[in-house]
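See below for the structure under consideration.
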Amino acid sequence: MPLILRSFILLCLLPNFVMAKSSDTIVVLTSFPETFYTPIKSAFEKSHPSLKLQILNKKTPAVIQHIARKRAPSPDLIWISSADAMATLQAKSMIEEPVTFAWSQFVFFWHQDKLRQLNTPSPATWEDLLRPDFTQEIAISAPSRSGTNHMMIEMILQQYGWERGWAFLSQLGGNLATVTARSFGVREGVIKQRFTLGPVVDFFYRSAVAEGHPVGFQPVPNTPLIPAQIALTQGDKRNPSSNADQLRDK
């Protein structure tokens, strides 16, 4: 089932929850980009015309801070792609048990025209990113701001070991054109040909293909699938546990 459809189905479980809180608005705190959540928001509001989704879009660390510091508006739902961030929130009893609605993989993502201009093969391994052809042609997102890229860095260090892993990352830094503040900054930069390629989670590639952009991808070898998750917030007086049970059952 497509990731967007699974997300929509999970959101459709929430109307009873919203009625219980005497409001016609569901506040959703997410790290997903606007290009991802806009069609889901539109489909949900069309299916439930008496309800509205208020989307708060923040970087993954800012999502955690928003909940930890009880900032307004108080979110009803957390919707992010970083499994370690979800684990942190659950360990601090800030959310109900997360529900996985999709699995993603890391891919090398490039613009076909830019790659042809470089006259070089597409990358198939991490070591390929160190080729001189890719000098200042690669972008990554900042692991301090991107939950998924934080996991990618961790996977590199686990795969290569501490010393070899940091040596690889230091070499990769020599080929970077930029380090973006958000994960979807890599996607947008590739599409706009600001640089040639970058490692991303696959839904960025799939959305670019759906929009008709001339892009390509190759799964990153020896990396696990990562869960994209959704969860109700804790600390509510509206019997959220029953809603969490509905989500788990689905």
Side-chain angles (χ1 to χ4, degrees), residues 1-34 36-45 47-48 50-104 145-151 154 182-183 201 203 224-250:
M1 185 184 297
L3 183 150
I4 287 180
L5 181 55
R6 290 186 182 184
S7 306
F8 175 66
I9 289 172
L10 285 172
L11 285 175
C12 283
L13 295 174
L14 291 175
N16 292 336
F17 170 70
V18 177
M19 297 303 182
K21 75 167 191 170
S22 301
S23 173
D24 61 355
T25 300
I26 301 171
V27 180
V28 180
L29 183 57
T30 185
S31 62
F32 283 104
E34 185 176 1
F36 173 82
Y37 64 72
T38 295
I40 302 171
K41 179 179 185 294
S42 299
F44 178 84
E45 291 178 343
S47 178
H48 302 280
S50 63
L51 303 176
K52 293 186 180 298
L53 291 184
Q54 180 183 352
I55 307 291
L56 306 178
N57 181 276
K58 295 192 174 188
K59 305 176 185 69
T60 300
V63 168
I64 296 175
Q65 290 300 312
H66 187 102
I67 301 174
R69 297 181 181 180
K70 299 181 179 180
R71 290 173 176 161
S74 178
D76 302 304
L77 193 73
I78 307 302
W79 188 20
I80 58 180
S81 60
S82 174
D84 57 344
M86 279 294 202
T88 297
L89 292 171
Q90 188 176 15
K92 295 179 180 294
S93 300
M94 296 178 184
I95 59 172
E96 295 288 328
E97 181 179 344
V99 175
T100 297
F101 63 90
W103 294 89
S104 299
R145 297 190 176 197
S146 165
T148 50
N149 199 59
H150 178 266
M151 286 191 289
E154 292 284 353
R182 304 288 296 271
S183 295
V201 289
F203 65 80
L225 295 176
I226 56 173
Q229 297 177 312
I230 195 167
L232 295 167
T233 55
Q234 281 275 27
D236 239 276
K237 309 300 183 183
R238 305 179 295 253
N239 191 24
S241 59
S242 62
N243 293 279
D245 290 340
Q246 292 182 50
L247 288 173
R248 285 192 289 270
D249 292 341
K250 189 65 180 182

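At most 12 heavy atoms of other shown residues, nucleotides or ligands fall within 6.0 angstrom of atom NZ in Lys52. Other residues, nucleotides and ligands contribute only 12 or fewer heavy atoms inside 6.0 Å of the CZ atom of Arg145.
Here the closest non-hydrogen pair linking His66 and Ala72 is CE1-O, 3.8 Å. Taking both residues in full, the closest heavy atoms of Trp79 and Phe32 are given as O-CD1, 3.4 Å, listed atom of the first, atom of the second, then distance. The nearest pair of heavy atoms linking Ser74 to Val27 is O-CB, 3.7 Å. Taking all atoms of both residues into account, the shortest heavy-atom contact from Arg182 to Asn57 is NH2-OD1, 2.9 Å. When all heavy atoms of Gly147 and Asp84 are compared, the closest pair comes out as O-OD1, 4.2 Å. Considering all non-hydrogen atoms of both residues, Ala231 and Ile95 come closest at CB-CD1, 4.0 Å.
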query: Going through the checks in order, is the side-chain contact (heavy atoms from CB on, under 4.5 Å) test met by Thr30 and Leu56?
result: CA-CA 6 Å; Thr30 185; Leu56 306 178; over 6 Å; no
message: Using the rule given for side-chain contact (heavy atoms from CB on, under 4.5 Å), can you reason through Tyr37 versus Leu53, listing the C-alpha separation, both sets of side-chain angles and the distance that settles it, and then say yes or no?
response: CA-CA 10 Å; Tyr37 64 72; Leu53 291 184; over 6 Å; no
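Partner Ile78 forms a side chain to side chain contact (heavy atoms under 4.5 Å, CB included) with one of Met86, Met94, Gln229, Glu96 and no other, that one being Met86.
Asp76 contributes no side-chain N or O that, together with a main-chain N or O of Thr233, makes up a donor-acceptor pair within less than 3.5 Å. In this structure, the side chain of Ser42 engages the main chain of Thr38 through a donor-acceptor pair within 3.5 Å.
Between the side chains of Thr148 and Ser81, no donor N or O sits under 3.5 Å from an acceptor N or O. With no hydrogens or angles considered, no side-chain donor-acceptor pair links Thr60 and Ser82 at under 3.5 Å.
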